[in-house]
Amino acid sequence: MTSKPERKRLIVAISGASGAVYGKTLLTILQDKKIETHLIVSEVGQGILEYETGTTQEEIRGLATYWYDIRDLEAPISSGSFHTDGMVIIPCSMRTLAAISHGYSDNLLTRAADVTLKERRSLIVVPREMPLSIIHLENMLCLARAGAIIIPAMPGFYMLPQTIEDMVRHVVGKVLDALRIEHALYKRWRNEQPS
């Protein structure tokens, strides 16, 4: 049995859905907090990263402590004996969601998610799709029943966002909340009426 690392260790995956900025922002914050990250980016995810944010493969890998090719099923994170504190798939495509919800581990991303679930570690999925079909909803329900936390990329407006970055930080802040990582990415709700 491997010993638990002294600092928090997380797997971060970016799959092929719009909203790659969420994954990039999460990695940037985790790097600032000196949290060990193990990154997987799908091929489509990398294309979307470049299209939506202008971020190259080298730049996104530079935000992670370790990175892996999605085809590398021999990577340490493919085994339950490699301890992690959880995994975040941000954003999560409907293809990736379907594969994980049905135990179809055909690449490192889906295998790492499968391991995270079977080891009863935190799996956070940030789906980015609309509208949602009944198949999408059933797949999310299946994952939620298996213990995953579903955090759709749906920013709130109670903190009165002024920029797109404010809305991105709200969603990423919700992910950090689920991981119990302190942050000040958005103003929390106060039950006070304006005077």
Side-chain angles (χ1 to χ4, degrees), residues 10-33 35 37-64 67-68 70 86-101 107-110 112-113 116 122-144 148-179 181 183-187:
L10 296 169
I11 301 169
V12 176
I14 298 173
S15 69
S18 182
V21 66
Y22 294 114
K24 180 180 178 182
T25 301
L26 177 64
L27 282 168
T28 301
I29 291 161
L30 295 176
Q31 185 181 60
D32 290 345
K33 291 183 172 293
I35 292 173
T37 53
H38 295 255
L39 175 66
I40 312 161
V41 181
S42 73
E43 289 178 23
V44 175
Q46 183 58 51
I48 293 172
L49 259 169
E50 291 177 13
Y51 177 76
E52 292 182 349
T53 71
T55 305
T56 67
Q57 190 173 72
E58 292 73 26
E59 289 169 333
I60 200 69
R61 289 177 177 176
L63 294 174
W67 62 268
Y68 306 93
I70 196 165
M87 178 174 182
V88 182
I89 306 170
I90 181 170
C92 183
S93 69
M94 293 301 107
R95 181 243 174 257
T96 298
L97 183 82
I100 298 165
S101 68
N107 61 45
L108 182 59
L109 194 164
T110 54
T116 301
S122 293
L123 176 63
I124 298 171
V125 177
V126 183
R128 225 307 303 149
E129 184 65 84
M130 68 174 66
L132 295 167
S133 75
I134 195 166
I135 295 168
H136 302 151
L137 294 168
E138 286 177 347
N139 286 338
M140 285 184 221
L141 180 59
C142 182
L143 281 183
I149 299 170
I150 311 296
I151 301 178
M154 298 162 61
F157 293 88
Y158 57 85
M159 72 290 185
L160 305 177
Q162 301 298 305
T163 65
I164 291 173
E165 182 182 3
D166 289 343
M167 293 186 284
V168 168
R169 289 167 65 87
H170 182 255
V171 171
V172 172
K174 290 294 189 178
V175 170
L176 294 174
D177 286 348
L179 291 167
I181 296 173
H183 68 86
L185 293 182
Y186 64 87
K187 188 186 295 185

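Owing to the predicted nature of the structure, the values given are computational and were not obtained by experimental measurement.
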Does the side chain of [X] reach to within under 4.5 Å of the side chain of [Y], using non-hydrogen atoms?
X: His38; Y: Trp67; result: no
X: Val41; Y: Ile70; result: no
X: Ile14; Y: Ile48; result: no
X: Asp177; Y: Tyr186; result: yes
X: Ile60; Y: Thr56; result: no
X: Ile124; Y: Ile89; result: no
X: Leu10; Y: Ile181; result: yes

To the nearest 0.5 angstrom, please state how far the [atom1] atom of [X] sits from the [atom2] atom of [Y].
X: Arg128; Y: Ser93; atom1: CZ; atom2: OG; answer: 11.5 Å
X: Arg169; Y: Lys187; atom1: CZ; atom2: NZ; answer: 13.5 Å
X: Leu97; Y: Glu138; atom1: CG; atom2: CD; answer: 11.5 Å

So, for [X] and [Y], which heavy atoms are closest and what is the spacing to 0.1 Å?
X: Leu132; Y: His136; value: CA-ND1, 3.7 Å
X: Ala13; Y: Met87; value: CB-CE, 3.9 Å
X: Ser15; Y: Cys92; value: OG-CA, 3.3 Å
X: Ile149; Y: Ala178; value: CD1-CB, 4.2 Å
X: Pro127; Y: Ile151; value: CD-O, 3.7 Å
X: Ile150; Y: Pro152; value: O-CD, 3.5 Å

- His170/Tyr158 under ring pair (Phe, Tyr, Trp, His ring centres under 6.0 Å): CA gap, chis, key distance, verdict: CA-CA 10 Å; His170 182 255; Tyr158 57 85; 5.5 Å; yes
- Message: Let's go through Leu176 and Leu185 carefully: what are the C-alpha distance in whole Å and the side-chain angles of both, what is the deciding distance for side chain to side chain contact (heavy atoms under 4.5 Å, CB included) to 0.1 Å, and is it a yes or a no?
- Response: CA-CA 9 Å; Leu176 294 174; Leu185 293 182; 3.6 Å; yes
- Applying side-chain hydrogen bond (donor to acceptor under 3.5 Å, both in side chains), run through Lys24 and Thr53 and close with a yes or a no. CA-CA 9 Å; Lys24 180 180 178 182; Thr53 71; 4.7 Å; no
- Task: Quick one: which residue pairs count as a salt bridge (Lys or Arg N to Asp or Glu O under 4.0 Å) with a foot in residues 47-60, not counting sequence neighbours?
- Result: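 Every pair satisfying salt bridge (Lys or Arg N to Asp or Glu O under 4.0 Å) with a residue in residues 47-60: there are none.
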- Message: With salt bridge (Lys or Arg N to Asp or Glu O under 4.0 Å) as the rule and sequence neighbours excluded, what pairs involving residues 86-100 come up?
- Response: Arg95-Asp106
- Report the C-alpha separation of Thr25 and Thr28 in whole Å, then their side-chain angles, then the decisive distance to 0.1 Å, and conclude whether the side-chain hydrogen bond (donor to acceptor under 3.5 Å, both in side chains) test is met. CA-CA 5 Å; Thr25 301; Thr28 301; 6.0 Å; no
- Item | Check against side chain to side chain contact (heavy atoms under 4.5 Å, CB included), Thr37 and Leu39 | CA-CA 6 Å; Thr37 53; Leu39 175 66; 5.8 Å; no
- Task: Would you mind telling me which of Thr55, Ile164, Val168 makes a side chain to side chain contact (heavy atoms under 4.5 Å, CB included) with Val21?
- Result: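 Answer to the side chain to side chain contact (heavy atoms under 4.5 Å, CB included) test with Val21 among Thr55, Ile164, Val168: Val168.
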